[in-house]
Structures are given as C-alpha cells and as structure tokens.
Amino acid sequence: MVSTIGLPREMQIGAGALDQLVDVVTGLGSRRPMVITDGYLAGGGRVDQLISALTEAGLDAVYFDGTVPDPTTASLDAGLRAVRDHGADLLVGFGGGSPMDTAKALALLAVEGGTMRDYKAPLRNDRAGLPVVAVPTTAGSGSEATQFTIITDSDSDEKMLCIGRAFLPVAAIVDFELTMTMPPRLTADTGIDALTHAVEAYVSRKNNPFSDGFSLSAITTIGRNLRRAYTDGSDREAREAMMLASTQAGIAFSNSSVALVHGMSRPIGAHFHLAHGLSNAMLFPAVTRFSLSAATSRYADCARAFGCADSGASDELAAERLVDAIVDLCRDLAVPTPGECGIDRDRWFGLSALMAEQALGSGSPANNPRVPNAGEIEAIYAEIYR
C-alpha cells in the first residue's frame, strides 16, 4: 500500500524558534503578511512585538485579532475582509488551534472564494491558497502540521471537517516557550487532545508505518510529561516535551486520520461550546473501551508506549490497562462530566440523535477500528453523561 505523506515545507522547533519568524516569512517571498490571532494574545503585547519585527524588516505587516474559540463561518467574514483590504500575500496563524484553523480557512477563501461549506469533507481540497505560517501557542491541536481545518457552520451548528493540502501550513514555528504561561485546565485539555490524536492515528484504519512512528513517540512522551506540565507549569523540560509531542501527534493524524473520539467530539463542541480537548477527554475512555476488541494488538502497543503495560503483558491485558490508564489520567487532570460542566440533561439527550448523525456525517467514525452505528454512538453519549 502506498501512503501519501504531507508535511510543512519548513519547521523551526525549539526554544527561541519564534525569533526565526522574520526569516521564514521573508524567505517565502512575502511583502504584506498578516498575523491572524485572538484578542487575548493581541492584548498581551506579543503580537505587537511580531508586527514590529516584521515591519523593521521592511514588510507591510498588520494583524487581525477577531478569531474566536471554535471558529464559525460567521467569524470568518471580518477576517476575510481584513485579508482582502490589506492585500495580504501570507498569513501567520498565531495562537492555539482556533487562530491557526482560522488562518487556514481564510487563506483558501481569499484565493478560491465561496464558503467553507463548499470545502467540507469528504471533498478534498488540494488547490493552494495563500501560504500559511503556523505558530502554536498551546501544546495540543497539532494544527501547525496538519492538512485539516475545523469550522462550525453558524446556521446549523455543525462542526465541519475540511481536508486537503490547501490547509497544510507551508511552514511551522514550534517554540515551547510560548506555552509556559498556559493555565492547568488548558494544559490538561490540550494535552489530552494531543494524546487522543496520537492514539487514534495509530489505531485508525488508515494507519501506516510513517504515522505509526510519530504516534508511538508522542504517546510515550505524553505519558511521561503531561502530569508534570499540569502540576507545575514552570517545568521547562515537561513543557518542551509536550510541545514536541503535540507536533508529532499532529503529523501522525494528518497522515493517518482521527476516528470516533473526534467524530463524536465535534458535535459536542458545536452545540455546547466546550473546549475541543475537554470534550475529547470526556469521550476518550468510553470510546476506547468500545473499540478495543477490533484492534487489541494496536491498543496494546499504545499501552506499552504510554507506560501502563510492560512487554510481558498479553495484548488483551495491556489493552484493558490502557483504558484504566486513560480513566486515571482524566481523574488526575480533573476532567469533568458534561453535567459537571453545566450541560442540561434534557438538552443533552434531546440532541444525542442529531449529534450522532453529525458525527457519522463527518466521516471520522468510519476510520475507527470498530465502526459504530448511530444507536451505538447515542449509547456512548448517554454513558459519558451518566
């Protein structure tokens, strides 16, 4: 079987990598870059520093800070106007997954036009938009290395998965020092998001030898460092390890796929506005338990990489220990239930059928080792609420 692999053309990784932004942008031939970020990051002074550095290099640089968590089709309108008004020739996605996903969407819309629904999976989008340089400030989404973007349809509350090389950043700058001020809740949610990426890429029906290596490396690193980063945010070694693992997991699932956890997570985020990593964490134990029998040896590999089973354990025992380890991790990182997040029980169950339909429609559940039907998805939604 031939696997088609896509990676950013250039990646700058390590402490101080952000200092390379000007060289990366100018090396790509840009004269009118625009930084796509959010209001929180813009208010902290870092974005002004980026603009100053780009301006001092002779570039006409500006920023747009109107991105929102879990970007919507409506939230793209102002950004697209700003990109066109500036005549931007390159976009810098600076922030967590939402600013990077927004930059990817705007880069395609600025060139190809239309709406994001025109680019929804299963359509594959390989025509080039504006070049994107991705600069993550959280260790979780891996969006700096993926050929995906997630945009919510403002009319239907559907989280749309959009795929293809059009959404693969041309360059990525991965500087763990940008994550040193992440609070514990964000550290937990983004860290479990990265772990989910790595595990799902490994057990996916689209797994391949290239993505497998990145998956297992990321799982091992996260197993050793996520609790450390959560407990002590000033732990530079743990922060650096988690940032690298996040990027490795992004490379893995971009060149394999995610599966049922992500398929079920997107509707939760769209309807109840929970952070993506948090909804993944809620689903992760139940979905893993549901899927074990269809890929026991692969889940066992994940368990050994994570450090919760040794080489002497049978595949069946190791796979079961992985579920237990995920449950323990979610407990240690204080992952709440939907009810504890204030989600009304009647609304949750009232939307379960629609969420199951939307999950299946995304295509991700079809990549799962055990492919569910709508009823089985609804049962998992019920399980995690209880």
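These numbers were taken from a predicted model, which means no experiment stands behind them.
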For Arg185 and Asp189: C-alpha separation, side-chain torsions, deciding distance, then whether salt bridge (charged side-chain N to carboxylate O under 4.0 Å, His left out) applies.
CA-CA 6 Å; Arg185 181 73 267 145; Asp189 294 346; 3.0 Å; yes
Would you say the side-chain atoms of [X] pair up with the backbone N or O of [Y], donor to acceptor, closer than 3.5 Å?
{"X": "Asp118", "Y": "Thr115", "answer": "yes"}
{"X": "Glu340", "Y": "Thr337", "answer": "yes"}
{"X": "Arg32", "Y": "Ala61", "answer": "no"}
{"X": "Asn207", "Y": "Ala201", "answer": "no"}
{"X": "Asp23", "Y": "Gln20", "answer": "no"}
{"X": "Asn373", "Y": "Glu376", "answer": "yes"}
{"X": "Ser254", "Y": "Ile251", "answer": "no"}
{"X": "Asn125", "Y": "Tyr119", "answer": "yes"}
{"X": "His86", "Y": "Asp60", "answer": "yes"}
{"X": "Thr231", "Y": "Arg227", "answer": "yes"}

Would you indicate whether [X], at its atom [atom1], is surrounded by more than 12 heavy atoms from other residues, nucleotides or ligands within a distance under 6.0 Å?
{"X": "Glu237", "atom1": "CD", "result": "no"}
{"X": "Arg9", "atom1": "CZ", "result": "no"}
{"X": "Arg127", "atom1": "CZ", "result": "no"}
{"X": "Arg117", "atom1": "CZ", "result": "yes"}

Does any non-hydrogen side-chain atom of [Y] lie less than 4.5 Å from one of [X]?
{"X": "Pro136", "Y": "Ser246", "answer": "no"}
{"X": "Ile163", "Y": "Gln147", "answer": "no"}
{"X": "Ile268", "Y": "Trp348", "answer": "yes"}
{"X": "Pro338", "Y": "Cys341", "answer": "no"}
{"X": "Val24", "Y": "Glu10", "answer": "yes"}
{"X": "Asp65", "Y": "Val47", "answer": "no"}
{"X": "Leu244", "Y": "Val174", "answer": "no"}
{"X": "Val92", "Y": "Val135", "answer": "yes"}

Tell me whether [X] shares a hydrophobic cluster with [Y], the cluster being built from Ile, Leu, Val, Met, Phe, Trp, Tyr side chains joined at under 4.5 Å.
{"X": "Ile326", "Y": "Met242", "result": "yes"}
{"X": "Leu292", "Y": "Leu260", "result": "yes"}
{"X": "Leu18", "Y": "Met180", "result": "no"}
{"X": "Tyr381", "Y": "Met282", "result": "yes"}
{"X": "Met160", "Y": "Leu80", "result": "yes"}

Thr190 vs Thr138, side chain to side chain donor-acceptor pair (under 3.5 Å): CA-CA, chis, key distance, verdict: CA-CA 7 Å; Thr190 55; Thr138 62; 5.4 Å; no
Regarding Arg31 and Asp89, does a basic nitrogen lie under 4.0 Å from an acidic carboxylate oxygen? no
**NZ/NE/NH1/NH2 to OD/OE distance under 4.0 Å, Arg124 and Asp126** = yes
Which atom of [X] lies closest to which atom of [Y], heavy atoms considered:
{"X": "Leu28", "Y": "Ala171", "value": "CD1-CB, 4.5 Å"}
{"X": "Ser211", "Y": "Ala252", "value": "CB-O, 3.4 Å"}
{"X": "Pro369", "Y": "Ser291", "value": "CB-O, 4.3 Å"}
{"X": "Ala82", "Y": "Phe64", "value": "CB-CD1, 4.0 Å"}
{"X": "Pro71", "Y": "Thr102", "value": "CB-OG1, 3.4 Å"}
{"X": "Glu378", "Y": "Ala356", "value": "CG-CB, 3.8 Å"}

Which donor-acceptor pairs under 3.5 Å do side chains of residues 315-324 form with protein atoms, sequence neighbours excluded?
residue: Asp315; atom: OD1; partner: Arg304; partner atom: NH1; Å: 3.3
residue: Asp315; atom: OD1; partner: Arg304; partner atom: NH2; Å: 2.9

Could you tell me if [Y] and [X] have a donor-acceptor pair between their side chains, going purely by distance under 3.5 Å?
{"X": "Thr146", "Y": "Lys104", "answer": "yes"}
{"X": "Ser98", "Y": "Thr67", "answer": "no"}
{"X": "Thr247", "Y": "Glu144", "answer": "yes"}
{"X": "Arg239", "Y": "Thr187", "answer": "yes"}
{"X": "Ser364", "Y": "Arg266", "answer": "yes"}
{"X": "Ser265", "Y": "Asn280", "answer": "yes"}

Nearest-0.5 Å distance, [atom1] of residue [X] to [atom2] of residue [Y]:
{"X": "Ile192", "Y": "Tyr230", "atom1": "CD1", "atom2": "OH", "answer": "9.0 Å"}
{"X": "Thr152", "Y": "Met116", "atom1": "OG1", "atom2": "CE", "answer": "11.0 Å"}
{"X": "Thr220", "Y": "Gln248", "atom1": "OG1", "atom2": "CD", "answer": "9.5 Å"}
{"X": "Thr196", "Y": "Ile222", "atom1": "OG1", "atom2": "CD1", "answer": "8.5 Å"}

- Query: Parallel, tilted or perpendicular: which describes the rings of Tyr385 and Phe349, with under 30° parallel and over 60° perpendicular?
  - Reply: perpendicular
Connected to Leu168, directly or through other members, by ILVMFWY side-chain contacts below 4.5 Å are none
Exercise for review: Before giving the answer on side chain to side chain contact (heavy atoms under 4.5 Å, CB included), spell out for Asp153 and Thr72 the whole-Å C-alpha distance, their side-chain angles and the decisive distance to 0.1 Å.
Suggested key: CA-CA 6 Å; Asp153 187 313; Thr72 65; over 6 Å; no
Residue pairs passing the salt bridge (Lys or Arg N to Asp or Glu O under 4.0 Å) test with at least one member in residues 198-226, sequence neighbours excluded, are Asp212-Arg298
Worksheet item: Can we call the ring centroids of Tyr202 and Tyr299 under 6.0 Å apart?
Response: no
*Residues Leu106, Arg84; criterion side chain to side chain contact (heavy atoms under 4.5 Å, CB included); working and verdict*: CA-CA 10 Å; Leu106 294 176; Arg84 288 174 170 164; over 6 Å; no
Cationic tip of Arg370 within the cone over Phe290's six-membered ring, i.e. under 6.0 Å and within 45° of the normal?
yes
Exercise for the section: Evaluate the criterion side chain to side chain contact (heavy atoms under 4.5 Å, CB included) for residue pair Val111 and Leu130; output intermediate values, then yes/no. Expected result: CA-CA 7 Å; Val111 173; Leu130 295 175; 4.1 Å; yes
The test is side chain to side chain contact (heavy atoms under 4.5 Å, CB included); show your working for Arg46 and Phe94 and say whether it passes.
CA-CA 10 Å; Arg46 179 77 76 169; Phe94 181 73; 3.4 Å; yes
